[in-house]
Amino acid sequence: MQDDPKTLVSTDWLAAHLGDPDLRLIDASWHMPATGRDARAEYQAAHIPGARFFDIDAISDKRSALPHMAPPPEMFISRMRAMGVGDGHQVVIYDNSDVRSAFRVWWTFRLMGKTDVAVLDGGLPKWRAEGRATEDVAPVLRDRHITVQRQAGLVRDVTQVAAASKLDDHHIIDARSPERFRGDAPEPRPGLRAGHIPGARNLPFGRLFHEDGTMIDPDAIRAAFHEAGVDLTKPAITTCGSGVTAAVLSFALERIGHRNHALYDGSWTEWGSFADLNIATGDA
């Protein structure tokens, strides 16, 4: 894998740069409620040296009833300053999560106009499997100025997605499991209908990773999108259950040079709750 500090870096790269004064490392672990796991407690018990903890639920839009919607810029600025993350920093994000939550935080930084941001390939599990150091003490945080410029083109709301579905001028790509996409399996959140957005294609996010949690190479990513029936010449909208694993697809599109993509932040938690929105079932 070729290291790219704007998308994906290896554990070797991180080990070589861990002492850099302008490196900021973020643990972005997040877990589905049904797992019973406490991401913050796990971070406090063991994290890569110098890592800060990014709480996806806390750093979100509290004006919305939907889970962990993207934070408003002023909240993002406030929280990042308090975490000592600011202008001139190279940010590396990792997780220890089955839903690859680091990619959601990578997308959040991109939404705020920050581009010197990478995900650690393989995350904490690979780092630990290689016998590399962890610690249980929080880093000393010093306030750092940060400027943001929200990139509105990277996010879509329900009205925009409904229009895209009707006009078929985008490819809507769903990161959920085939069973949930088809409507054969119940949704983990109560009260949601089963199925998918009409016209969507299904690419379960897990297909973009090797067994060790590292991401497949760009040629294999292109093949995965092709096999899912995605036309990479069209603009893309990524979606999932609540906007977390959709970011894996957004990241993968970025890795292969497909720049015209946006994430449907409300995802199925929003779409599946509105009785007046059409749904489809079965395969794409």
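In this structure Y94 satisfies the ring-ring contact (aromatic ring centres under 6.0 Å, His included) test with no other residue, sequence neighbours excluded. In this view, R201 satisfies the salt bridge (Lys or Arg N to Asp or Glu O under 4.0 Å) rule with no residue, not counting sequence neighbours. The salt bridge (Lys or Arg N to Asp or Glu O under 4.0 Å) check on R100 picks up nothing, with sequence neighbours excluded. Looking at residues two or more places apart in sequence or on another chain, you find a salt bridge (Lys or Arg N to Asp or Glu O under 4.0 Å) between R222 and D219. Partners of D38 by salt bridge (Lys or Arg N to Asp or Glu O under 4.0 Å), not counting sequence neighbours: none found. Shown here are the ring-ring contact (aromatic ring centres under 6.0 Å, His included) partners of F205, two or more places apart in sequence or in another chain: there are none.
Atom OG1 of T238 and atom CZ of R156 lie 10.0 Å apart (nearest 0.5 Å).
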Worksheet item: Could you go step by step and tell me if S64 and D61 meet the side-chain hydrogen bond (donor to acceptor under 3.5 Å, both in side chains) rule?
Response: CA-CA 6 Å; S64 174; D61 189 350; 5.8 Å; no
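If you look at F209 and F103, their ring centroids are closer than 6.0 Å. Here W30 and H68 bring their ring centres to under 6.0 angstrom of each other. If you look at W107 and F251, their ring centroids are not closer than 6.0 Å.
By the 30° and 60° cut-offs, the orientation of the rings of F54 relative to F76 is tilted.
Figure legend: R180 and W268 shown without cation-pi pairing, the cationic atom not lying both under 6.0 angstrom from the six-membered ring centre and within 45 degrees of its axis.
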